[in-house]
Engineer: 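My questions all concern the structure below.
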Amino acid sequence: MEAKKPGKSLRRLPKSLQSLLGLKTYLTPKWIESVSHILKDLPSTPVIDTEKIENHDSVSNLCGDLAQLNKYLNQLSLQRRQALNEFLDLKGNIRVFCRVRPLLDDEIYFGLRSIISSDSSNLLLKISETKSKQYVLDRVFHQQATQEQVFSEIEPLIKSALDGYNVCILAYGQTGTGKTFTMEGDKDSPGLVSRGIKELFRQALDSNLEYMFTFSMLEIYMGRLRDLLVPRNRNTRNHNAPCLSIQMDPNGDVDIEKLTSVKVSDFNQVEKLYKLGTQLRSTASTMSNSTSSRSHCLTRITITCIGENARRRETSKMWMVDLGGSERLLKTQASGRRLQEGKAINLSLSALGDVISALQSKKHQHVPYRNSKLTQVLRDSLGTDSKTLMLVHVSPKEEDLCETICSLNFAMRVKSVHLACDEPADVRVKREETMAELQEKLKYYETKCRIVQGDIDMLKEKLRRLDRNTETSCISTDTMQFDMMNNAHNVMDSTTNSKSQPGFMRPTFSSQRKMGLNYHMSATSVKKPPMPSKRKSSSVYAESAGDFQSDYGSEYSTVTISDWKNIVDDQSECSQSASEKSEIKKVILQDSEKSIRDSRASSSSCESSNGNMANWLDLQMTKKTSVTASGRTKRVLAIRFDEQNSSMIQSKNTNDFTKLNSNASIQKKNIGAADAEADISFDKKAIDELNSSMIQSKTKNDFMKLNCNASSQKNNIAAAAEADISVNKKAIDEFLYSCEDAEIQKSNQEQSPDLATPVHIESFDKPYLQLVQSQAKVNPIDQNEENQNKKGKQQQHPKIIQILWTSALLGLGITSLGYEHDFFNGLML
Ligand SMILES: Nc1ncnc2c1ncn2[C@@H]1O[C@H](COP(=O)(O)OP(=O)(O)OP(=O)(O)O)[C@@H](O)[C@H]1O
């Protein structure tokens with residue numbers, strides 16, 4: 001059989017024997033002499049596992065390269081960011097686009113003709129047969145422009161949002177001109193919200209940084225802010241829903257109290273939430289539009305970059321706003337509630353125009369944010385330090401001419417001053433040249449970033465492969481040694497009178513009794529190497545939720561969106577996915593809410609940490625009283641654990657891998673540590689730990705690779721265990737048969753009190769030999785490992801090592817028990 005390379009344990013042998021000699025006062029001179037002989041015969045230099053060393057060499061080289069590349073990538077990213085920011089500054093931080101709605105089928109049917117013609121930045125409006133008016137905008141999308149084309153102009157803003165800028169995209173226009181179509185889109189042509197968020201996740205994945213996203217949705221209906229991620233009763237949703245309030249935090253950031261924020265990690269999660277939110281939005285049939293939006297719908301995604309200081313802000317926001325339709329109230333002949341709604345929308349749109357105009361002119365000291373809830377909410381995302389895009393929608397119909405002129409006048413009011421006709425031609429040319437240069441730079445940096453990122457990924461892959469190899473060889477060698485020692489440990493377990501001693505050196509139970517040492521032995525006294533503490537399954541989220549809990553003295557209830565879907569609007573739409581229990585809502589309730597809830601006799605399920613949706617909905621309906629409470633409350637939604645797993649499968653995160661990898665190495669070390677106090681069952685625990693740490697991971701690659709590591713470890717451990725079991729059994733057998741002297745194994749002493757007295761091998765009769773062998777067979781650890789992996793590969797130790805070890809063990813046992821004889825001499829080869 002092929003001899004296995006000597007590993008860690010053999011290298012440690014001299015050291016162990018040296019420390020053995022340190023106990024010479026307790027040992028007989030003959031024993032010392034024998035051990036000294038063994039030492040002399042040992043190779044003077046430690047045996048080196050060259051394969052492992054080579055690996056480590058390459059690993060350290062690769063790590064060095066990786067660090068350099070990461071540094072370079074960070075520099076490139078910074079330069080890219082600067083170029084982008086300059087580019088957007090030149091383009092204007094507040095830009096105004098115009099989109100012309102195509103004539104709809106019924107309009108074509110009735111022979112209506114468009115009064116608008118356009119090119120990329122000019123719009124010509126036919127006012128009469130003889131008169132036209134021209135408008136110059138940052139960009140004009142003609143009637144046939146697709147959603148993709150519109151989105152392509154928005155893309156740079158997504159990058160800015162990831163770079164830490166607040167971004168605000170607003171769809172403005174007369175009712176029925178296609179604002180909702182642009183933002184929401186339909187099944188075949190999704191709108192800007194879906195595309196924007198998808199792109200956000202894509203770019204986040206491509207970058208070498210780690211991001212955290214949360215999703216929120218609210219509407220401003222008649223001056224009231226309402227959470228669109230909180231279900232409301234269908235009949236009362238427009239009137240009795242709780243109203244959120246706006247606060248400014250000390251940094252000047254807007255904070256909307258009680259607004260639900262859902263942590264999201266992929267687009268699918270966002271899509272579900274967005275669909276739910278839009279279903280709750282207030283709409284009604286008007287003369288202009290059968291499903292007219294009667295409120296402003298604001299979708300927010302917050303982006304937090306973990307461990308990156310070079311961003312503009314630690315947490316940035318991207319707002320995507322579908323504004324309510326502007327309308328001439330006289331024309332719509334609205335009355336009652338529709339009239340009130342129309343007035344509220346027009347007032348807030350006018351306030352928005354004032355704010356943007358003030359920001360654009362840069363002459364105003366005062367920006368009138370406080371004039372409407374809309375501008376208060378968007379305050380920190382409309383300023384000079386943010387990127388704003390206003391998409392003005394117009395109708396091509398002649399009958400809408402007045403509204404179109406109003407909308408375009410609004411666009412002129414808010415559009416960038418530098419694009420006005422009064423910009424001198426030479427200034428304009430210069431600006432355009434600089435922009436073109438910056439665009440080139442941007443392209444260069446982006447390509448370079450991609451190439452470097454590719455190199456980094458390649459190096460990481462190499463590292464993983466090397467690491468796996470190292471791990472495998474480490475485990476297969478060390479575990480084998482470890483098991484061997486473990487068997488020795490079974491033979492001669494010990495107390496901890498000298499922790500620095502190898503386990504096998506410690507006195508046996510009976511010898512301690514003989515020596516009168518205070519000895520307590522129990523199964524639990526066997527020490528295990530330290531285990532990494534088990535983390536909660538819903539890692540980051542649970543932690544943050546815990547913080548909220550302590551901050552606000554509140555408690556959670558949990559609601560699944562499937563329940564929610566069943567209760568909230570549109571049964572038919574929701575039923576399709578009603579069985580998907582995808583998200584868990586973790587809501588932190590304030591004390592007032594809690595007391596209301598507690599007082600409800602039937603709310604037992606709500607009181608548990610996993611309250612059901614019906615109770616939660618009930619709670620929403622009783623909130624009329626609770627919203628007046630002064631205490632601050634946060635609502636937080638978390639994605640269900642299995643959903644997180646699926647999302648982590650889709651994400652790529654190098655930090656996680658490193659963390660997990662280091663976890664894995666800890667485990668590996670623990671597994672590999674040839675400590676006689678450990679046992680094989682620890683390996684199984686270590687694997688469980690490793691598996692649990694994998695579950696906490698957020699990345700597919702890491703998950704897969706770690707899984708692969710874990711299984712290879714499992715296999716290795718099982719294989720090594722099996723090999724060792726057989727090797728050890730064989731060694732014991734051989735030793736027992738070939739040597740004339742031996743001591744009874746400690747395990748036998750413990751398990752058979754009548755055998756506790758040491759017995760010479762001379763006195764071994766056949767039944768005793770059978771007993772020793774059967775002990776080895778019934779050793780539960782061995783049995784377990786054998787059952788675990790019967791197909792594991794057999795591994796061999798050089799016979800000499802086995803004899804040396806066993807000699808040392810038995811020698812110590814015998815001498816410490818006071819038996820002196822020459823058996824060592826017989827062992828010397
Ligand atoms: N670019 C477009 N291509 C095709 N259809 C469009 C386009 N823009 C709008 N429409 C259609 O016009 C109709 C009205 O559009 P939409 O509801 O989006 O208008 P709106 O501005 O949101 O109205 P409101 O302010 O009342 O909510 C819808 O049927 C929509 O499908």
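Computed from heavy atoms alone, side chains included, the values below leave out hydrogens, waters and symmetry copies. We number each residue from 1, following the sequence as shown. Just so you know, ligand 1 is whichever comes first in the structure, and atom 1 is the first atom listed for that ligand.
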Engineer: Checking the side chain of R281 only, and the main-chain atoms of L228 only, is there a donor and an acceptor separated by less than 3.5 Å?
Structural biologist: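 Pair absent, no side-chain N/O of R281 close to backbone of L228.
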
Engineer: Backbone, side chain, both or neither: what part of R101 comes under 4.0 angstrom of ligand 1, heavy atoms only?
Structural biologist: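 It is the side chain that touches ligand 1; the backbone stays farther off.
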
Engineer: Do S386 and S381 have a side chain donor and acceptor closer than 3.5 Å?
Structural biologist: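 Looking only at side-chain atoms, S381 and S386 do not form any donor-acceptor pair under 3.5 Å.
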
Engineer: Using a strict 4.0 Å cut-off to heavy atoms of G325, name the atoms of ligand 1 that fall inside it.
Structural biologist: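 Those of ligand 1 that fall under 4.0 Å from G325 are 25 (O).
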
Engineer: Using the side chain to side chain donor-acceptor pair (under 3.5 Å) definition, which of the options T302, T214, N166, D380 pairs with K317?
Structural biologist: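 The single option meeting the side chain to side chain donor-acceptor pair (under 3.5 Å) with K317 is D380.
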
Engineer: So is T180 polar-close to ligand 1, meaning N/O to N/O under 3.5 Å?
Structural biologist: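 Yes, at least one N or O pair falls under 3.5 Å.
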
Engineer: Can you pull out every ring pair (Phe, Tyr, Trp, His ring centres under 6.0 Å) where at least one residue sits in residues 175-206? Sequence neighbours excluded, please.
Structural biologist: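 Of all non-adjacent pairs touching residues 175-206, those that pass ring pair (Phe, Tyr, Trp, His ring centres under 6.0 Å) are F201-F213.
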
Engineer: With sequence neighbours excluded, give me every ring pair (Phe, Tyr, Trp, His ring centres under 6.0 Å) pair touching residues 104-152.
Structural biologist: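 Qualifying pairs: F97-F141.
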
Engineer: Mind listing the closest non-hydrogen atom pair of L323 and K179 along with its distance?
Structural biologist: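 Closest pair (atom of L323, atom of K179, distance): O-CE, 3.1 Å.
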
Engineer: Kindly indicate whether the side chain of L349, heavy atoms from C-beta on, has any atom under 4.5 Å from the side chain of H296.
Structural biologist: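 A side-chain contact exists here, since the closest heavy-atom pair is under 4.5 Å.
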
Engineer: Report, in ascending order of atom number, the atoms of ligand 1 lying under 4.0 Å from any heavy atom of L104.
Structural biologist: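 Counting from 1, the qualifying ligand atoms are 11 (C), 12 (O).
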
Engineer: Please list, in number order, the atoms of ligand 1 under 4.0 Å from a heavy atom of G176.
Structural biologist: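 Those atoms are 14 (C), 19 (O), 20 (P), 21 (O), 23 (O), 24 (P), 25 (O), 26 (O).
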
Engineer: By number and element, which atoms of ligand 1 are closer than 4.0 Å to a non-hydrogen atom of Q174?
Structural biologist: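 Numbered from 1, ligand 1 contributes 21 (O).
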
Engineer: At the 4.0 Å heavy-atom cut-off, does M183 count as touching ligand 1?
Structural biologist: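 No.
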
Engineer: Is F181 in polar range of ligand 1, meaning some N or O pair under 3.5 Å apart?
Structural biologist: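 It does: an N or O of F181 is found under 3.5 Å from an N or O of ligand 1.
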
Engineer: For ligand 1, find out whether one of its N or O atoms is nearer than 3.5 Å to an N or O atom of Q143.
Structural biologist: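 Not met; the criterion fails.
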
Engineer: Hey, does P102 sit under 4.0 Å from ligand 1 if you only count heavy atoms?
Structural biologist: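 Flag set, P102 near ligand 1.
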
